[in-house]
Amino acid sequence: MKSEIERAVINVVNRKAQPNKVILLVGARRVGKTRFIKKYIGNFSSDKVLKLNGEDIDDATLLTKRSVANYKRLLNGIDLLAIDEAQHIPNIGLILKLIIDEIEGIKIIVTGSSMFDLNNQLGEPLVGRKYTIYMYPISQIEFNKYENYKITTEKLEERLLFGGYPELIHINDWRDKQEYLQEIINDYLLKDILIFQNIKKADKIYNLLRLLAFQIGNEVSLNELGNQLQISKNTVENYLDLLTKVFVIFKVEGFSKNLRKEVTKSSKWYFYDVGIRNAIIKNFTILQNRNDVGQLWENYLIVERMKKQEYQRISRNNYFWRTYDQQELDWLEEKADDLCAYEFKWSARKKVKIPTAFRKAYTNANFEVISKDNYLDFIT
């Protein structure tokens, strides 16, 4: 495989990059945002680009004096301002607002690993002035450019075990892949959380992730999580919110429109990367010896589908569906009156029928079973 994968996010960035607008590229640490920025600015003449790193004190200082005169001097002759790890720069939202309001024709792209400060600092100042784009670990859409169907099917087990972090491409030994993912968790993934508001209960957050990792595909009770961890429900909610904002996990809510017996108050939680999920529970056993293949398959398909939605700009509301009498569907997508229902099966030997209650309540909905036979159509 090619040593460097072309990232699908480039197509979105190219469409959205406009003068006097800010592209906000966000995602977990180590998914390739810095590398992407370096490659992206290569499309511009080197003397027309100013690249700053928010973690570099000298770079951040250049933006500290919030005045039009300062920014006109700094950006004289510059077409593109690129700021990596922008969340480390105080008042970055107000700074960028002043720049795009006063420096005619400037394009700006900023990256951030965490949404903590980026949301707070960029949200209000940049209303109507920014586009937020999410960057994930490598998707099957991106792998498709470099491999044929045979290679893709041969790599499926590896991707269900180790996920899609870019640096894994260059690591051949499976034990080394495991060690890399453990390093990601320990040194990068939770870093933002542990420095945020001086949170010191790393063990509680880690144990929360372990509990979620074992409950993929199941509805999660916050009270039950709190009892198991011996923390309050409010603390559980706070930790889940933080883990969402640093792109470790995400929530899917229940769908309901017609039936009283539909479950809507519960949520399911999934990992943005299945390799991280396996590293959290320290289980990289081959698929034939696992009892959680169905959970892995469900998480993998859902996050790959979300990557497809993001990179191909497919606008959908995503849900699961279940009734109190245990009729359920893994995945629903809604757009206006268009409703598509999916059931995920690792092994589709038996014919799967749409739940009766769903069929009667939503007569115009489409239904499809996603298995190893047709999953590539679903995620690419």
Side-chain angles (χ1 to χ4, degrees), residues 1 5-16 23-28 31-33 36 131-149 151-153 155-160 162-166 168-169 216-217 244 247-253 255 268-277 295-321 329-336 338-346 348 365-380:
M1 183 178 290
I5 298 283
E6 182 180 57
R7 303 309 302 269
V9 75
I10 184 63
N11 298 321
V12 187
V13 171
N14 284 338
R15 285 199 300 268
K16 295 296 185 180
I23 294 288
L24 174 57
L25 184 65
V26 294
V31 297
K33 298 185 304 297
F36 175 83
Y131 297 110
T132 301
I133 300 171
Y134 296 92
M135 190 170 188
Y136 296 88
I138 297 178
S139 66
Q140 186 57 49
I141 288 173
E142 292 159 316
F143 282 125
N144 268 4
K145 289 187 176 182
Y146 307 98
E147 57 190 34
N148 57 34
Y149 177 75
I151 294 174
T152 297
T153 54
K155 289 283 187 179
L156 179 57
E157 177 170 23
E158 183 177 328
R159 285 167 190 162
L160 286 172
F162 301 109
Y165 271 77
L168 289 172
I169 294 173
I216 288 173
T244 300
F247 309 102
V248 181
I249 57 175
F250 60 92
K251 178 171 66 173
V252 178
E253 297 180 332
F255 175 84
K268 295 184 179 184
W269 292 86
Y270 297 92
F271 284 74
Y272 276 107
D273 185 80
V274 289
I276 294 298
R277 181 266 182 182
Q295 291 177 297
L296 271 181
W297 184 234
E298 183 173 330
N299 197 144
Y300 173 77
L301 289 177
I302 285 174
V303 77
E304 288 295 315
R305 181 68 170 185
M306 289 173 57
K307 294 174 186 177
K308 178 177 180 176
Q309 290 175 346
E310 176 69 17
Y311 296 148
Q312 297 182 5
R313 309 314 276 178
I314 300 171
S315 178
R316 297 287 187 276
N317 295 316
N318 300 320
Y319 306 94
F320 73 91
W321 177 85
L329 287 164
D330 293 328
W331 189 248
L332 261 68
E333 294 182 6
E334 177 195 39
K335 182 177 182 181
D338 185 22
L339 189 63
C340 297
Y342 301 93
E343 186 68 16
F344 303 137
K345 295 295 181 184
W346 175 249
N366 296 313
F367 173 68
E368 188 174 1
V369 177
I370 305 300
S371 68
K372 284 181 289 185
D373 295 332
N374 63 351
Y375 80 101
L376 288 173
D377 295 330
F378 181 69
I379 66 175
T380 62

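Values reported hereafter were calculated over all heavy atoms of this structure, with side chains retained and with hydrogens, waters and symmetry mates removed. In this text, all values refer to a predicted model and were calculated from it rather than measured experimentally.
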### Straight-line distance of Leu168 CG to Arg159 CZ, nearest 0.5 Å
11.0 Å
### Stepwise side-chain contact (heavy atoms from CB on, under 4.5 Å) test for Phe320 and Leu332
CA-CA 6 Å; Phe320 73 91; Leu332 261 68; over 6 Å; no
### Task
Before giving the answer on side-chain contact (heavy atoms from CB on, under 4.5 Å), spell out for Ile169 and Ile138 the whole-Å C-alpha distance, their side-chain angles and the decisive distance to 0.1 Å.
CA-CA 10 Å; Ile169 294 173; Ile138 297 178; 3.4 Å; yes
### Task
Please list, chain by chain and in numerical order, all residues satisfying ring-ring contact (aromatic ring centres under 6.0 Å, His included) with Tyr300, sequence neighbours excluded.
none
### Message
Is it the case that the side chains of Gln295 and Asn299 hold a donor-acceptor pair, with the cut-off being a distance below 3.5 Å and no angle test?
### Response
no
Which donor-acceptor pairs under 3.5 Å do side chains of residues 372-380 form with protein atoms, sequence neighbours excluded?
from	atom 1	to	atom 2	distance (Å)
Asn374	OD1	Ser371	N	2.8
Asn374	ND2	Val369	O	2.9
Thr380	OG1	Leu376	O	2.4

### Message
Would you say that Ile23 contacts Ile133 through its side chain, given a criterion of any heavy-atom pair below 4.5 Å between the two side chains?
### Response
yes
### Summary
Here the gap from Ile151 atom CD1 to Asn144 atom CG, rounded to the nearest 0.5 Å, amounts to 11.0 Å
### Task
Sequence neighbours left out, what passes side-chain contact (heavy atoms from CB on, under 4.5 Å) with Asp273? Give chain and number order.
Pro137, Tyr165, Ile276
### Query
Distance from Met306 atom CE to Leu301 atom CG, nearest 0.5 Å?
13.0 Å
### Query
For the atom pair OH (Tyr270) and CD1 (Ile216), what is the distance rounded to the nearest 0.5 Å?
8.0 Å
#### Entry: Ion pair check, Glu253 and Lys251, cut-off under 4.0 Å
yes
### Task
Check whether any side-chain heavy atom of Arg7 sits under 4.5 Å from a side-chain heavy atom of Pro166, and report yes or no.
yes
### Query
Should the ring pair Phe344 and Trp331 be called parallel, tilted or perpendicular, given that the plane angle runs from 0 to 90° and is split at 30 and 60?
tilted
### Query
Who pairs with Tyr319 by ring-ring contact (aromatic ring centres under 6.0 Å, His included), at least two apart in sequence or on another chain?
Phe255
### Intermediate values then yes/no, side-chain contact (heavy atoms from CB on, under 4.5 Å), Val9 and Phe36
CA-CA 9 Å; Val9 75; Phe36 175 83; 3.5 Å; yes
## Note on the structure
d(Phe271 CZ, Ile302 CD1) to nearest 0.5 Å is 13.0 Å
### Task
Go through Asn318 and Glu334 one step at a time and tell me if the side chain to side chain donor-acceptor pair (under 3.5 Å) criterion holds.
CA-CA 7 Å; Asn318 300 320; Glu334 177 195 39; over 6 Å; no
### Query
Should Glu147 and Lys155 count as an ion pair when the cut-off is N to O under 4.0 Å?
no
### Selection residues 300-309 - residue pairs positive for salt bridge (charged side-chain N to carboxylate O under 4.0 Å, His left out), sequence neighbours left out
Glu304-Lys307, Arg305-Glu333
### Query
Taking atom CH2 of Trp297 and atom CG of Leu156, what is their separation to the nearest 0.5 Å?
5.0 Å
### Pairs touching residues 310-319 that satisfy salt bridge (charged side-chain N to carboxylate O under 4.0 Å, His left out), sequence neighbours left out
Glu310-Arg313
### Query
Using the ring of each side chain (for Trp, its six-membered ring), is Tyr136 parallel, tilted or perpendicular to Tyr272, with breaks at 30° and 60°?
tilted
### Query
So, for Val274 and Gly163, which heavy atoms are closest and what is the spacing to 0.1 Å?
CG2-CA, 4.0 Å
